[in-house]
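What follows is one structure encoded as structure tokens, with my remarks underneath.
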Amino acid sequence: MNHRTRLDWMFLWCCLLRYSYLRLEKICLKAALKAVPGFGWAMQVACFVFIQRRWDTDKKHLENMLDYFCDIREPLQLLLFPEGTDLTENTRSKSDAFAAENSLPKFEYVLHPRTTGFTFIVEKLRKGDNLDAVHDITVAYPKNIPQTERHLILGLFPREIHFHVRRYPVASLPSSSSDLEAWCRERWAEKEARLREFYSSQPRAFDREGVARVPPCKSELRVTLIKVASLLYWSSFIALCFTGLWLWAPFRLYFLVTVGVYVAQQKLVGGLELLELACHRYWTSTTTNVREKTKVVDGKMK
């Protein structure tokens with residue numbers, strides 16, 4: 001997916017709520033976000049993939065996480081932003097400099113993608129038989145563009161969000177790393193052309209008829225019920241937390257212990273997702289050793 005704003009991943013949830021399964025979503029994002037109290041801890045629990053954006057460090061971590069996902073055989077939707085950051089004047093100038101150094105065209109509506117991580121992830125998931133398709137998603141905002149969290153705090157939510165989605169089955173993807181990198185760059189060139197046409201035409205839309213080509217897998221009634229349930233739950237949860245902190249000493253103690261545990265485990269282990277990974281490795285190795293010993297004993301008895 002292209003990274004137009006810092007909030008694209010959040011707005012994509014609205015699309016996934018209707019057309020896919022939001023509970024399967026995991027995001028590949030920068031490691032600094034895991035330290036955000038509450039929100040970052042929840043992403044650790046959900047086993048999001050945190051990267052330092054330094055390939056010598058990230059390669060081994062990505063390999064471990066992807067091996068884990070392939071090993072547990074759970075359905076996975078992994079959201080990638082190959083651009084590495086959102087589109088701003090500063091990041092566009094850096095992208096233009098990269099384009100000039102590598103004899104590439106300059107882009108106005110997207111940044112040049114970093115293809116190393118993308119190709120590594122595709123090859124790793126494909127090797128682990130845990131990849132059925134790559135969905136190429138282009139996001140656009142026809143009316144107002146909320147670039148940062150500050151816009152949401154001020155109530156400047158996007159009035160419309162448009163998604164263009166194309167599915168590429170794994171069988172249609174190139175087999176070699178170099179061809180995969182070229183394939184990714186081609187998709188970004190298409191995004192640039194698609195977005196240029198989107199923002200230069202009226203009405204602004206990927207489909208001139210303004211109608212989604214793919215019907216949602218959930219009815220609008222079900223989506224509305226999910227929204228209402230979520231609003232009631234989180235409103236009640238937040239109100240209960242503040243009430244508990246204000247009125248009950250045991251609740252304040254529980255809150256302090258919880259915060260202490262999350263902070264301590266991140267300092268000692270690096271995050272709950274790494275602790276989960278370590279536990280999986282331990283139980284896998286223990287199970288393997290038990291099986292090998294059982295085979296040896298059975299062989300001696302025979």
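Quick caveat, the model's predicted, so the values are computed rather than measured.
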Query - K218 NZ/CZ over Y21 ring centroid, <6.0 Å and within 45° of normal - result: yes
Report task. Answer yes or no: is there a donor N or O on one side and an acceptor on the other, between the side chain of N144 and the main chain of R159, under 3.5 Å? Result -> yes
Query raised in the report: Are the charged groups of D136 and R167 less than 4.0 angstrom apart, N to O?
Result: no
**Report entry** Validation row: F255, V259 side chains within 4.5 angstrom (heavy atoms)
**Finding:** yes
**Report entry** Within one Ile-Leu-Val-Met-Phe-Trp-Tyr cluster: L231 and L225, side-chain cutoff 4.5 Å
**Finding:** no
Query - H3 side chain vs T5 backbone, donor-acceptor pair below 3.5 Å - result: yes
Query raised in the report: Do any N or O atoms from the side chain of W188 and from the backbone of L111 form a donor-acceptor pair under 3.5 angstrom?
Result: yes
Requested in this report: Salt-bridge test for K127 and E123: reply yes if a basic N is under 4.0 Å from a carboxylate O, no otherwise.
Outcome: no
Query - F251 vs W246, ring pair (Phe, Tyr, Trp, His ring centres under 6.0 Å): CA-CA, chis, key distance, verdict - result: CA-CA 9 Å; F251 192 92; W246 181 261; over 10 Å; no
Query raised in the report: Do I121 and L78 have side chains that get closer than 4.5 Å, going by heavy atoms?
Result: yes
Requested in this report: Please report the closest heavy-atom contact between C14 and R18, naming both atoms and the distance.
Outcome: O-NH1, 3.5 Å
Query raised in the report: So, does H61 use its side chain to make a donor-acceptor pair with the main chain of F50 at under 3.5 Å?
Result: yes
Query raised in the report: Does a salt bridge link E160 with R204, judged by any charged N lying under 4.0 Å from a carboxylate O?
Result: no
Query - Main-chain N/O of V139 paired with N2 side-chain donor or acceptor, under 3.5 Å - result: yes
Query raised in the report: Between E149 and L7, does a side chain to side chain contact (heavy atoms under 4.5 Å, CB included) hold up when you go through it step by step?
Result: CA-CA 7 Å; E149 296 82 357; L7 307 165; 3.9 Å; yes
Requested in this report: Check whether any side-chain heavy atom of F118 sits under 4.5 Å from a side-chain heavy atom of P113, and report yes or no.
Outcome: no
Query raised in the report: According to the side chain to side chain donor-acceptor pair (under 3.5 Å) rule, which pairs have a member within residues 30-40, sequence neighbours left out?
Result: K34-E273
Query raised in the report: With under 30° as parallel and over 60° as perpendicular, where do the rings of W55 and F120 fit, or are they tilted in between?
Result: perpendicular
Query raised in the report: H162 vs F198 aromatic rings, parallel, tilted or perpendicular, using cut-offs 30° and 60°?
Result: perpendicular
Requested in this report: Test side chain to side chain contact (heavy atoms under 4.5 Å, CB included) on V110 and L87 and set out the steps.
Outcome: CA-CA 7 Å; V110 294; L87 178 63; over 6 Å; no
Query raised in the report: If you measure from CG on L80 to CH2 on W9, what distance do you get to the nearest 0.5 Å?
Result: 15.5 Å
**Report entry** Side chain proximity check, M1 to L12, heavy atoms < 4.5 angstrom
**Finding:** yes
**Report entry** Summary of side chain to side chain donor-acceptor pair (under 3.5 Å) pairs that have at least one residue in residues 89-105, sequence neighbours excluded
**Finding:** T88-T91, E89-R92
Requested in this report: Kindly say whether L22 contributes a backbone atom to a donor-acceptor pair with the side chain of E25 at under 3.5 angstrom?
Outcome: no
Report task. Go through the steps for K124 and L62 under the test side chain to side chain contact (heavy atoms under 4.5 Å, CB included), then give the verdict. Result -> CA-CA 9 Å; K124 199 69 181 174; L62 276 173; over 6 Å; no
Report task. Mind listing the closest non-hydrogen atom pair of A140 and L195 along with its distance? Result -> CB-CD2, 3.7 Å
Query raised in the report: Does the E192 side chain pair with the main chain of E108, one donor and one acceptor, at a distance under 3.5 Å?
Result: yes
Query - Transitive ILVMFWY side-chain link F206 to F163, under 4.5 Å - result: yes
Report task. Using the rule that two of Ile, Leu, Val, Met, Phe, Trp, Tyr join whenever any of their side-chain heavy atoms come within less than 4.5 Å, decide whether M65 and V45 are in one cluster. Result -> no
Query raised in the report: W248 and Y254: aromatic ring centres closer than 6.0 Å?
Result: no
Query - Spacing of CG belonging to D58 relative to OG1 belonging to T116, to within rounding of 0.5 Å - result: 11.0 Å
**Report entry** Spacing of CG belonging to L131 relative to CZ belonging to F69, to within rounding of 0.5 Å
**Finding:** 13.5 Å
Query raised in the report: Do the side chain of N130 and the main chain of R73 share a donor and acceptor less than 3.5 angstrom apart?
Result: no
**Report entry** Q77 CD to L24 CG distance, which is reported to the nearest 0.5 Å
**Finding:** 5.0 Å
Query raised in the report: Do E83 and R114 sit within salt-bridge range, that is, some charged N less than 4.0 Å from a carboxylate O?
Result: no
For residues 274-283, tabulate all N or O donor-acceptor pairs below 3.5 Å that involve a side-chain atom, not counting sequence neighbours.
residue, atom, partner, partner atom, Å
E276, OE2, Y68, OH, 2.4
H280, NE2, D71, OD2, 2.7
R281, NH2, N64, OD1, 2.8

Report task. Find out whether W41 and L272 are in side-chain contact, i.e. whether some heavy atom of one side chain is under 4.5 Å from a heavy atom of the other. Result -> no
Requested in this report: Determine whether L79 and L125 fall in the same hydrophobic cluster, where Ile, Leu, Val, Met, Phe, Trp and Tyr are linked whenever their side-chain heavy atoms lie under 4.5 Å apart.
Outcome: no
Query raised in the report: Can you tell me how far CD1 of I27 sits from SG of C47, rounded to the nearest 0.5 angstrom?
Result: 13.0 Å
Query - Any side-chain heavy-atom pair of F11 and P146 under 4.5 Å - result: yes
**Report entry** Close aromatic pair by centroid cut-off 6.0 Å: W183 and Y168
**Finding:** yes
Requested in this report: Give a yes or no on whether the backbone of M43 and the side-chain of K26 come within a donor-acceptor separation of less than 3.5 Å.
Outcome: no
**Report entry** Distance, nearest 0.5 Å, that separates SG of C70 from CG of L76
**Finding:** 8.0 Å
Query raised in the report: Is there a side-chain contact between V170 and R126 (heavy atoms, below 4.5 Å)?
Result: yes
**Report entry** Min side-chain heavy-atom separation K191-Y109 under 4.5 Å
**Finding:** no
Requested in this report: Examine distances only and state if a side-chain atom of R6 and a backbone atom of T148 form a donor-acceptor pair shorter than 3.5 Å.
Outcome: no
Requested in this report: Please lay out, stage by stage, how R252 and L247 fare under the test side chain to side chain contact (heavy atoms under 4.5 Å, CB included).
Outcome: CA-CA 9 Å; R252 289 194 290 271; L247 297 178; 6.0 Å; no
